[in-house]
2 protein chains.
Amino acid sequence: MIQHTDLSQPIYIRLKEMIRNGELKQGEKIIQEKIAEKLGVSRTPLMKALLALENEYLVESVPRRGMFIRSLDQKEIIDIYVCREAIEGMAARVLAIKKSPLIVKELKDCFAPFISQDYIDIDAYAKADENFHSLLIRLTNNAPLDKIYFFSNIHDKVTGHGLVRPPEDTLEEHFRIINAIEAGDPAEAEKQIRLHINKSKELLINQYNIDKSE
Amino acid sequence: MIQHTDLSQPIYIRLKEMIRNGELKQGEKIIQEKIAEKLGVSRTPLMKALLALENEYLVESVPRRGMFIRSLDQKEIIDIYVCREAIEGMAARVLAIKKSPLIVKELKDCFAPFISQDYIDIDAYAKADENFHSLLIRLTNNAPLDKIYFFSNIHDKVTGHGLVRPPEDTLEEHFRIINAIEAGDPAEAEKQIRLHINKSKELLINQYNIDKSE
DNA sequence: TATTACATATTTGTATACAAAATACAATAC
DNA sequence: GTATTGTATTTTGTATACAAATATGTAATA
């Protein structure tokens with residue numbers, strides 16, 4: 001049966017979901033025939049979807065042995081944070097140069113529901129956080145930059161819920177970034193977002209070191 | 001017939017070459033059957049190679065209509081330079097932190113043949129240049145960073161030969177970058193490589209503006 | 001002559017078949 | 001009991017067949 005728009009697309013989305021919710025576990029081997037049957041498709045479009053996921057660092061292929069759900073070790077997670085510093089730093093810079101009120105508004109809207117609240121729902125904040133960071137990239141209107149920013153997928157793989165640090169710490173940081181963008185200060189915007197990402201990175205590094213020494 | 005290591009690998013390399021040397025032209029539609037026959041393989045491994053190229057921005061897929069050799073417009077080229085500023089900037093920073101004499105040596109070796117020469121061979125220098133920039137990334141030993149740096153392919157698509165500016169201008173800049181890395185000055189290393197990339201970018205922008213007004 | 005409608009040819013997307021490699025497992029030797 | 005070999009099974013990589021969609025060409029009409 002042939003549908004109008006390419007089967008590999010929905011398969012890709014479905015697989016991503018399955019990886020996210022743990023239906024497919026870290027390090028697990030993907031037995032193509034099995035997954036294909038489960039999804040009710042053949043191996044051909046499944047392969048297409050898997051290759052797309054491989055390029056997003058979610059799946060790892062070992063020639064002649066199979067495809068595996070990628071499991072990130074600590075070094076790789078830190079390395080990804082370094083990449084994020086570079087990419088998001090540049091994004092903040094670009095947005096500050098644009099200095100568009102519309103952009104600033106969109107960014108502010110992400111966190112509007114959390115301002116001066118007694119209680120912040122972690123899940124809602126985690127979503128807002130993820131949304132903010134990918135929005136930042138998207139608003140640059142730089143397609144190649146968007147293309148290389150596929151780490152948001154991995155983001156909540158690092159921690160259970162998707163947050164490394166509590167909202168009390170990060171909410172203010174987010175607004176420092178937005179304010180620098182609003183002020184049209186590229187260097188400051190870049191600096192603030194790097195600080196923001198770097199703090200989470202350092203926290204992770206410390207956690208890993210503690211794990212090790214135990 | 002089945003070979004030991006996956007047919008799509010050599011196909012991928014071959015296609016990249018064909019794009020590079022113009023055997024496959026910008027915007028050209030890839031008729032899978034034709035290319036497959038030409039390369040003596042079936043569509044299946046060809047598709048795998050094409051999907052890999054799509055993820056590197058070299059091929060563009062339009063569902064149900066086919067795959068095309070991507071043609072970059074001026075905005076995209078500029079956007080790629082912005083990405084390079086971000087990625088290579090971070091790479092230089094990381095290397096400056098590492099402060100390894102071995103790394104410094106490798107980087108210096110790239111341009112050693114060109115120091116205080118009366119005549120510099122453009123092709124040789126272009127190769128050294130490309131090598132230097134990808135080496136910079138590779139030496140960080142940051143796999144995700146490496147993964148998102150696939151613009152070197154596109155590099156010489158921008159100009160005919162792969163150089164935007166003459167060696168007289170860039171040789172010194174390259175050594176400014178290397179010296180900052182050697183000195184263990186991350187901020188300076190990042191600044192210098194950004195300047196370096198930015199100058200080429202600005203030149204391209206000016207050229208495009210001239211083209212337009214003519 | 002330009003435009004639409006239809007028939008035909010191409011080409012993509014998908015499923016499937018099959019060969020070769022990898023893996024699992026049992027039987028044998030040590 | 002462990003190691004080793006040989007055999008059966010599973011799984012990947014590739015080719016191929018076929019259906020559905022798109023592109024092409026031709027004739028009929030305005």
Side-chain angles (χ1 to χ4, degrees), chain A residues 1-19 22-71 147, chain B residues 1-19 22-71 147:
Chain A
M1 194 223 297
I2 289 180
Q3 305 222 357
H4 199 271
T5 81
D6 195 333
L7 265 182
S8 71
Q9 201 89 25
I11 296 174
Y12 163 84
I13 292 169
R14 184 73 219 291
L15 286 175
K16 222 163 167 174
E17 218 178 77
M18 288 169 80
I19 295 172
E23 230 176 310
L24 291 169
K25 286 182 218 76
Q26 310 259 346
E28 183 176 335
K29 182 174 178 189
I30 292 160
I31 293 163
Q32 294 172 20
E33 202 79 54
K34 285 233 176 79
I35 305 283
E37 197 187 16
K38 191 170 176 178
L39 300 182
V41 296
S42 79
R43 280 169 56 208
T44 314
L46 172 64
M47 197 58 193
K48 256 175 119 170
L50 286 172
L51 287 168
L53 291 169
E54 191 194 356
N55 282 294
E56 290 186 14
Y57 232 66
L58 285 169
V59 161
E60 199 179 358
S61 164
V62 183
R64 269 280 162 214
R65 321 215 53 202
M67 313 267 276
F68 302 81
I69 304 300
R70 189 183 264 279
S71 62
K147 195 166 183 63
Chain B
M1 194 224 296
I2 289 181
Q3 303 224 356
H4 200 272
T5 82
D6 196 333
L7 265 182
S8 70
Q9 203 89 25
I11 296 173
Y12 163 84
I13 293 167
R14 186 74 219 290
L15 285 175
K16 221 162 167 174
E17 218 177 80
M18 288 169 80
I19 294 171
E23 226 175 311
L24 291 169
K25 285 181 220 76
Q26 311 258 347
E28 182 176 337
K29 182 175 178 189
I30 293 159
I31 293 163
Q32 294 171 20
E33 201 79 55
K34 286 234 177 78
I35 305 282
E37 195 188 18
K38 191 170 176 179
L39 302 181
V41 295
S42 79
R43 279 169 59 209
T44 315
L46 172 64
M47 197 59 191
K48 258 174 117 170
L50 286 172
L51 287 169
L53 291 170
E54 191 193 357
N55 282 295
E56 290 186 14
Y57 233 67
L58 284 169
V59 160
E60 199 179 359
S61 164
V62 183
R64 272 275 163 220
R65 321 217 49 204
M67 314 267 277
F68 302 81
I69 306 300
R70 189 184 265 279
S71 63
K147 195 165 183 62

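This structure is a prediction, so every number in the text was calculated from the model and none was measured. First the proteins, then the strands, lettered A, B, ... as listed; each starts at 1.
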Please enumerate all protein N or O atoms sitting under 3.5 Å from an N or O of nucleotides 23-25 of chain D, with distances to 0.1 Å.
| unit_1 | atom_1 | unit_2 | atom_2 | d |
| --- | --- | --- | --- | --- |
| D/dA23 | OP1 | B/R65 | NE | 2.8 |
| D/dA23 | OP1 | B/R65 | NH2 | 2.5 |
| D/dA23 | OP2 | B/R65 | NH2 | 2.6 |

Residue pairs meeting salt bridge (Lys or Arg N to Asp or Glu O under 4.0 Å), one or both in residues 26-41 of chain B, sequence neighbours left out, come to B/E23-B/K38

The complete set of salt bridge (Lys or Arg N to Asp or Glu O under 4.0 Å) pairs with one or both residues in residues 41-59 of chain A, sequence neighbours excluded, reads A/D6-A/K48, A/K16-A/E56

For the student: nearest non-hydrogen atoms of [X] and [Y], plus distance:
| X | Y | answer |
| --- | --- | --- |
| B/S8 | B/A49 | O-CB, 3.7 Å |
| A/G27 | A/S71 | N-CB, 4.0 Å |
| B/M67 | B/L51 | CE-N, 4.2 Å |
| B/L50 | B/Q32 | CD1-CG, 4.4 Å |
| B/F68 | B/I30 | C-CD1, 4.3 Å |

Side chain of [X] (C-beta onward), nearest among [options]:
| X | options | value |
| --- | --- | --- |
| A/L7 | D/dT11, C/dG13, C/dT14 | C/dT14 |
| B/D6 | D/dG13, C/dA15, D/dT12 | D/dG13 |
| A/K48 | D/dG13, D/dA15, C/dG13 | C/dG13 |

| Hey, does A/I11 reach any base, or is it just sugar-phosphate, or nothing, if we go heavy atoms under 4.0 Å? | nothing

Using a 4.0 Å heavy-atom cut-off, does B/I30 contact any base of the nucleic acid, only the sugar-phosphate backbone, or nothing at all? sugar-phosphate

Expressed in angstrom and rounded to an integer, what is the separation of [X] atom [atom1] from [N] atom [atom2]?
| X | N | atom1 | atom2 | answer |
| --- | --- | --- | --- | --- |
| B/R43 | D/dA17 | CZ | P | 12 Å |
| B/E33 | C/dA9 | CD | P | 17 Å |
| B/I31 | C/dA9 | CD1 | C1' | 13 Å |
| B/L51 | C/dG13 | CG | C1' | 12 Å |
| B/L50 | C/dG13 | CG | P | 11 Å |
| A/E60 | D/dT12 | CD | P | 15 Å |
| A/Q32 | C/dA22 | CD | P | 15 Å |
| A/L46 | D/dT14 | CG | P | 16 Å |

The answer to which of B/G66 and A/T44 contacts DNA chain C further toward the 5' end, by nearest nucleotide, is B/G66

The correct set of residues in residues 34-42 of chain A placing a heavy atom under 4.0 Å from DNA chain C is A/V41, A/S42

Those residues at least two apart in sequence (or on a different chain) that pass side-chain contact (heavy atoms from CB on, under 4.5 Å) with B/E60 are B/R70

side-chain contact (heavy atoms from CB on, under 4.5 Å) filter on B/R65, not counting sequence neighbours, yields B/V62

